[in-house]
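A short write-up of the structure that comes next.
As the structure is a computational prediction, the values presented were derived from the model and not from experiment. So that the names make sense, note that chain A is the first sequence line, chain B the second, and so on, each numbered from 1.
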2 protein chains.
Amino acid sequence: MNLQQLDILLAVVAAGSFSAAARKLGKVQSAVSTAISELEIDLNLQLFDRSGRYPKLTEAGARIVQQAQLVRQQCQQLTELAADLAGGLETRFCLAVDDEGQLPWLAPVLAELSAQFPKLELQVLFPLLEDLTLMLERGDADLGICFQPQQLPEQFLRWPLQQLQFAAAVSTAHVLATLAEVTTADLQQHRQLMVTGRGESLEKQRGRLSSQVWWLEGDIAVLALVEQNLGWAWLPLHVLQPAMLQGKIKLLPINSEPAQLPLQLELWQLRDKTPGPAGLWLRQRLLQLKG
Amino acid sequence: MNLQQLDILLAVVAAGSFSAAARKLGKVQSAVSTAISELEIDLNLQLFDRSGRYPKLTEAGARIVQQAQLVRQQCQQLTELAADLAGGLETRFCLAVDDEGQLPWLAPVLAELSAQFPKLELQVLFPLLEDLTLMLERGDADLGICFQPQQLPEQFLRWPLQQLQFAAAVSTAHVLATLAEVTTADLQQHRQLMVTGRGESLEKQRGRLSSQVWWLEGDIAVLALVEQNLGWAWLPLHVLQPAMLQGKIKLLPINSEPAQLPLQLELWQLRDKTPGPAGLWLRQRLLQLKG
DNA sequence: TGGATACCATCTGGAAATCAGATAGATGAA
DNA sequence: TTCATCTATCTGATTTCCAGATGGTATCCA
């Protein structure tokens, strides 16, 4: 069996006769005739009923044509994939996002990415803090979305994205929730819930006020424990919102500083790495999203 | 691009080297080498890194191999389908069942059929009474499951299947449900709900007692209207059972005849039609189900 | 370091498949 | 019946395909 034979078979079905298919394929009629004959021999099946003026598909032939179309589609996909890869498309693209709390605004962009690069194999991971920079450094991730750090690393190219508002929150059942105004001294006396990566770093101490801290991997986990009244925490507003609307938690009104603390979100990429078309597209799309 | 090239590619990946693949394929090493080379030229992609002793798939090559396997699978399916069809497998098999109320016991058999003939294209229809015989006669259906008729047709081969128990039932809210014993005279005075096909026939009058009848296509519809207290009906016990357990309907105790009326289920096939392997298997399986 | 082994790329002549064109027979419409 | 159009088959020329030989390279081991 042969790909050409299948192509010819499909052409014959589309054109309605061997001769017409031959004309359309730029071949001689005899070529088509023999190709079909040999396909019939190979499959040990009569595909056409030639008793009339025009060849007519047998029932078995019709089934075979269906399957032949599937084969052709897969071949088509293969050549398209090859063309994409030859054009430099990444075989695998890994986006590292600091915390899955970003997903709500990120998911629509990923949907666009999927439409733009249907053959791309995408991986989205949520490493926190220094875990993310480590992945970028190692080349395990191609592009990173994270918060502006206190000490700026040299090996990365960085672009600003949107600002996220952080606020301090507690369960409505918490002692702090009863106060009309809260001081940092108040905060220091209660357990603080904080986000951590899997290693140690200075970065994760940012925002620490309390001496007693529980560390959790991810905003979602922190929020869950805040709801369970296990402490207070700084969290992005959009992560807090649903629980606030349900009346489970309350924002803390802090006296000496603004109740809401803005943090700059950034897009990172290893300086000496040239991204492929999907990486370029995604970078550009994320930057224009900011404006 | 070529099917052979893809085969060779897969063989190389499996064997780990061009030479080993050649040995396994019964070809010369040069054939494999040129085949891969030309595939690379066709796809405009480097599939292997040849810098080492053994060729190593590139990342792009790995993606291509995945897709090549899909192509091969579809081709495999095509040849298997061709072999099945060449072996006489029906391109399409239509089973006609008198009423979908039979499905509970029939579905497991169809599951077995699916396992036995995975490539078969099955159609299951539920024509009633004379609609079913018409479909068999016309060749629209290959095998029929229906009730033993009053006048026996000559053009069919017939095999007995199991017996089904029929009973008369009404809604628990019906006047007849209050009686401790019911006579045919009682039944004659209330609306009877009966099954009908889409045409007219004598057969559908069987079991008619009342002068006032509503006709419905199928037991399910009849049961639904019985539950709505729109009349009484003869129905198979296994159709009545769920509604009985829910207390929606009640069986009628009839004085002069047994409360339950058995009807013989039969398997039908056009006398001069030779079935394919799936038809033969299904017939045999249904008959051994009876014993 | 040098030899042995297994690997890949390339070349070449002969075998095999493929193709275009010609021919003959068949069908269906006018 | 005639004519246009179809399919099957044959044939010689071209092209492709293949096995084998050869040379260069990577890896292992003494």
>> Counting the atoms with a prime plus P, OP1 and OP2 as sugar-phosphate, which does A/S37 contact under 4.0 Å by heavy atoms, base, sugar-phosphate, or nothing?
In response: nothing

>> Tell me the interatomic distance from A/L57, atom CG, to D/dT7, atom C1', rounded to whole angstroms.
In response: 16 Å

> Run the salt bridge (Lys or Arg N to Asp or Glu O under 4.0 Å) check on A/E90 and A/K273 step by step: do they pass?
Replying inline: CA-CA 13 Å; A/E90 298 91 336; A/K273 185 169 193 169; over 6 Å; no

>> Quick check for you: among C/dC8, C/dC19, D/dT7, whose closest atom lies nearest to any side-chain atom of B/S17?
In response: C/dC8

> With side chains defined as the heavy atoms from C-beta onward, is the minimum distance between A/R271 and A/Q155 less than 4.5 Å?
Replying inline: no

>> How many whole angstroms separate atom CG of B/D49 from atom P of D/dA26?
In response: 11 Å

> Could you give the CD1-to-C1' distance, from A/I36 to D/dC6, as a whole number of Å?
Replying inline: 15 Å

> Looking at the side chain of A/S30, which of D/dC18, C/dA20, C/dA9 is the nearest nucleotide?
Replying inline: C/dA20

> B/S19 side chain: which of D/dA19, C/dC7, D/dA8 is closest?
Replying inline: C/dC7

>> On DNA chain C, does the nearest nucleotide to B/G52 precede the nearest nucleotide to A/G52 from the 5' side, or the other way round? Give the residue.
In response: B/G52

> Under 4.0 Å between a side-chain N/O of A/K27 and OP1 or OP2 of C/dC19, yes or no?
Replying inline: yes

> How many Å lie between CZ on A/R23 and C1' on D/dT5, as a whole number?
Replying inline: 9 Å

> Considering only side-chain heavy atoms of B/F18, which listed nucleotide, D/dA21, D/dA8, C/dC8, is closest?
Replying inline: C/dC8

> Which whole-number value in Å describes the distance from A/F48 CZ to D/dC6 C1'?
Replying inline: 14 Å

>> Reading DNA chain D from 5' onward, which residue's closest nucleotide shows up sooner: A/A31 or B/N2?
In response: A/A31

> Given atom CD of A/Q29 and atom P of C/dA20, what is their separation to the nearest angstrom?
Replying inline: 12 Å

>> I'd like to check A/F48 versus A/L57 (side-chain heavy atoms, cut-off strictly below 4.5 Å). Are they in contact?
In response: yes

> Between B/L128 and B/F147, is any pair of side-chain heavy atoms under 4.5 Å apart?
Replying inline: no

>> Distance check needed: D/dA8 P versus A/I8 CD1, whole Å only.
In response: 13 Å

> Roughly, in whole Å, what's the span from CG in B/L47 to C1' in C/dC8?
Replying inline: 15 Å

>> Please pick, from D/dT7, D/dC18, D/dG20, the nucleotide with the shortest atom-to-atom distance to any side-chain atom of A/R50.
In response: D/dT7

> Nearest nucleotide by nearest heavy atom, which residue falls closer to the 5' end of DNA chain D, A/Y54 or A/T34?
Replying inline: A/Y54

> For the side chain of A/R53, counting heavy atoms from C-beta on, which of C/dC7, D/dT5, D/dA8 is nearest?
Replying inline: D/dT5

> Which part of the nucleic acid, if any, lies within reach of A/S33 when heavy atoms closer than 4.0 Å are counted: base, sugar-phosphate only, or nothing?
Replying inline: base

> Does the side chain of A/L70 come within less than 4.5 Å of A/Q67's, by heavy atoms?
Replying inline: yes

>> Are the side chains of B/K204 and B/W215 in contact, using a 4.5 Å heavy-atom criterion?
In response: yes

> When we call it a touch if two heavy atoms are under 4.0 Å apart, what does B/E38 touch: a base, just sugar-phosphate, or nothing?
Replying inline: nothing

